Protein chains: 2
Amino acid sequence: MDSLNSLTGIPQYIRIREDLRTRILSGELSRGEKLPSEEELAASYGVSRMTLRQSMSDLVDEGLLYRKHGVGTFVALQHFARDHSYLQNFFENSRQNGLSVDEKILEMSVIPARLQVAKALGLLEGSQVIRLKTLRIVEGNPITIHEAYFSFDKFSDFVENDVENLSKDLLAYYESHGLKVRRGVQRLDARSAEPEVAALLAIEVGAPILYKERTLYTEEGIPVEFLFCHNRGDLYSVTFNLSAE
Amino acid sequence: MDSLNSLTGIPQYIRIREDLRTRILSGELSRGEKLPSEEELAASYGVSRMTLRQSMSDLVDEGLLYRKHGVGTFVALQHFARDHSYLQNFFENSRQNGLSVDEKILEMSVIPARLQVAKALGLLEGSQVIRLKTLRIVEGNPITIHEAYFSFDKFSDFVENDVENLSKDLLAYYESHGLKVRRGVQRLDARSAEPEVAALLAIEVGAPILYKERTLYTEEGIPVEFLFCHNRGDLYSVTFNLSAE
DNA sequence: GAGTGGTCTAGACCACCCG
DNA sequence: GGGTGGTCTAGACCACTCG
């Protein structure tokens with residue numbers, strides 16, 4: 001099988017999937033429209049039906065297509081945007097949205113993990129962890145106080161590095177140590193700003209805060225980072241997708 | 001092929017998937033353990049490798065397994081719990097968690113949709129919509145003010161029915177009208193309780209509220225319901241999974 | 001080189017939906 | 001009955017990892 005990498009080293013089902021996606025998003029295939037049958041499409045792409053189905057299944061999972069057994073496959077009316085249900089880099093993402101962003105390091109220290117942090121990271125209470133506390137500023141407004149914890153054992157070189165830069169892409173930093181972050185669990189609640197938080201975010205004491213706790217894991221399920229953050233309620237919101245099943 | 005429905009009408013890949021899931025969750029296959037190769041497993045289940053892969057791919061997507069190309073397939077160290085990233089029924093879910101829950105209907109009316117509601121539901125501004133406003137009470141504490149909107153055109157019989165009961169499972173009600181809700185988009189922020197909200201939730205004016213807006217869709221992408229809710233910040237939090245890509 | 005997962009084929013029969 | 005998606009097979013070769 002060498003038509004597999006026709007041009008580049010990309011599998012056929014991915015090339016076909018992206019071609020279909022492009023045709024949908026460009027409007028060539030319009031919303032609600034019925035696609036040709038799987039057999040026809042497979043023939044037109046010159047692949048087997050199983051391969052074509054692999055392409056389409058990805059798009060069905062994304063909500064771009066839906067299938068009706070015995071009827072056909074259709075372009076969904078509503079296309080679901082990507083959002084906070086997947087991992088992304090705050091700085092890159094903000095810039096893509098045309099926002100000016102900045103970050104100020106408030107504190108970087110190596111401390112013994114308190115129980116909550118140790119538990120989240122799968123360490124013993126009191127193990128050495130790095131605490132990185134930063135203030136994120138969007139369009140001149142301080143918006144988030146970020147407090148990340150990760151193992152000093154695994155990342156001892158962090159403290160000897162250009163923290164200013166590393167802190168802007170911790171995921172890349174973790175990956176440089178062989179830990180690819182692939183999943184996470186996040187918890188949100190609303191609370192009132194304590195004096196220290198209020199001062200840093202330039203809001204009144206008692207103003208609403210969107211509080212977030214998050215643990216990140218590799219695909220193996222190894223915890224890599226535990227994070228708290230306090231976000232200004234009036235300037236920060238979180239959007240995410242829901243799905244059945 | 002008639003081994004397909006060996007016992008019930010359940011496809012093999014689903015039976016195999018659930019068997020594997022059980023073996024993992026029961027601890028028979030322990031965390032971090034390497035599974036037999038796909039070929040071996042396929043043989044032991046008496047199916048082709050493609051069929052076995054279909055079973056395993058589902059579990060990989062869930063985060064129960066992970067694959068290493070050229071090495072093998074392993075049980076993840078961390079199993080990801082299901083949570084607010086999927087649709088669920090508040091009442092059923094709360095009871096499963098052993099909580100006593102109750103709901104009080106505050107208002108049910110048919111009104112012209114204001115712009116935000118109309119837009120979310122794909123209707124024209126001023127179209128007739130049903131507004132259902134309820135107060136949800138957990139363990140005796142009022143916790144959420146729920147305000148749902150849906151098309152009067154599609155659901156005109158709602159107002160003639162036992163609203164008290166229907167309101168406890170709107171998803172089932174929508175489905176009884178041929179609209180299966182499969183996806184949604186949700187937005188959260190933190191805000192301060194207005195006097196009316198504070199009174200209903202029995203909290204002080206200005207106390208933190210976790211505010212949620214949500215639109216629900218069928219798999220075809222037809223919007224079915226638009227919802228606001230105000231949740232007590234100190235008693236309500238939202239957990240959801242993140243994933244890469 | 002041996003073993004693993006990743007991709008792919010060229011068929012097959014089934015279940016479902018519609019006219 | 002004809003068309004569609006859903007499931008399944010019994011192979012094949014490739015890419016990757018490891019010793």
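Just so it is clear, the model here is predicted, and its values are computed rather than measured.
- Fit an axis to the five pairs at each end of the helix from C/dG1-D/dC18 to C/dC18-D/dG1 and the two axes sit 10° apart, to the nearest 10 degrees.
- B/E39 meets the side chain to side chain contact (heavy atoms under 4.5 Å, CB included) test with B/S37; sequence neighbours excluded.
- Taking the six-membered ring for Trp, A/F155 and A/Y173 have ring centres closer than 6.0 Å.
- Heavy-atom neighbours of A/K180 NZ from other residues, nucleotides or ligands within 6.0 Å: at or below the threshold of 12.
- Looking at the side chain of A/R49, the nearest of the listed nucleotides D/dC16, D/dT9, D/dG5 is D/dG5.
- Checked against side chain to side chain contact (heavy atoms under 4.5 Å, CB included), A/L77 has the following partners two or more places apart in sequence or in another chain: A/R31, B/I222.
- Put simply, A/T51 has a side-chain N or O that comes within less than 4.0 Å of OP1 or OP2 on C/dT9.
- For the pair A/V129/A/I111, a side-chain contact is recorded, criterion being any heavy-atom separation below 4.5 Å from C-beta on.
- Ranking C/dC8, D/dT9, C/dT9 by closeness to the A/P11 side chain, first place goes to C/dC8.
- Remark: B/R53 is not in phosphate contact with C/dG5, judged by side-chain N or O atoms under 4.0 Å from OP1 or OP2.
- The distance between atom CG of B/L65 and atom C1' of C/dT4, rounded to the nearest whole Å, is 15 Å.
- Nucleotides of DNA chain C nearest to A/M50 and A/V71 differ in position, and the one nearer the 5' end is that of A/M50.
- Side-chain contact between A/H177 and A/D157 is present, with at least one heavy-atom pair separated by less than 4.5 Å.
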May I have the list of side-chain donor-acceptor pairs in residues 90-98 of chain A shorter than 3.5 Å, sequence neighbours left out?
from  : atom 1 : to    : atom 2 : distance (Å)
A/N93 : ND2    : A/Q88 : OE1    : 3.0
A/S94 : OG     : A/F90 : O      : 2.7
A/N97 : ND2    : A/N93 : O      : 3.3

### Message
Before you tell me yes or no, could you show the steps for B/F150 and B/Y174 under ring pair (Phe, Tyr, Trp, His ring centres under 6.0 Å), namely the whole-Å CA-CA distance, both residues' side-chain angles and the distance that decides it to 0.1 Å?
### Response
CA-CA 10 Å; B/F150 42 96; B/Y174 301 143; 5.5 Å; yes
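- Sorted by residue number, the list of members of residues 174-181 of chain B with any non-hydrogen atom under 4.0 Å from DNA chain D is empty.
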Could you walk me through whether B/Y45 and B/D19 pass the side-chain hydrogen bond (donor to acceptor under 3.5 Å, both in side chains) test, one step at a time?
-> CA-CA 10 Å; B/Y45 280 113; B/D19 182 63; 2.4 Å; yes
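- Between the P atom of D/dG6 and the OH atom of B/Y13 lies a distance of 9 Å, rounded to the nearest Å.
- Taking atom CD of residue A/Q54 and atom P of nucleotide D/dG6, one finds them 15 Å apart after rounding to whole Å.
- Contact check, B/S48 against D/dT9: a side-chain N or O comes under 4.0 Å of OP1 or OP2.
- Listed by residue number, the members of residues 30-46 of chain B with any heavy atom below 4.0 angstrom from DNA chain D are B/G46.
- OP1 or OP2 of C/dG6 has at least one side-chain nitrogen or oxygen of B/R67 nearer than 4.0 Å.
- Ion pairing of B/R49 with B/E40 is absent here, as no side-chain N (NZ or NE/NH1/NH2) approaches a carboxylate O to less than 4.0 Å.
- Taking the six-membered ring where tryptophan is involved, the planes of A/F228 and A/F226 are perpendicular, since the angle between them exceeds 60° and thus also 30°.
- When the C1' atom of C/dG11 is taken as reference, atom CG of A/L52 falls 16 Å away, rounded to whole Å.
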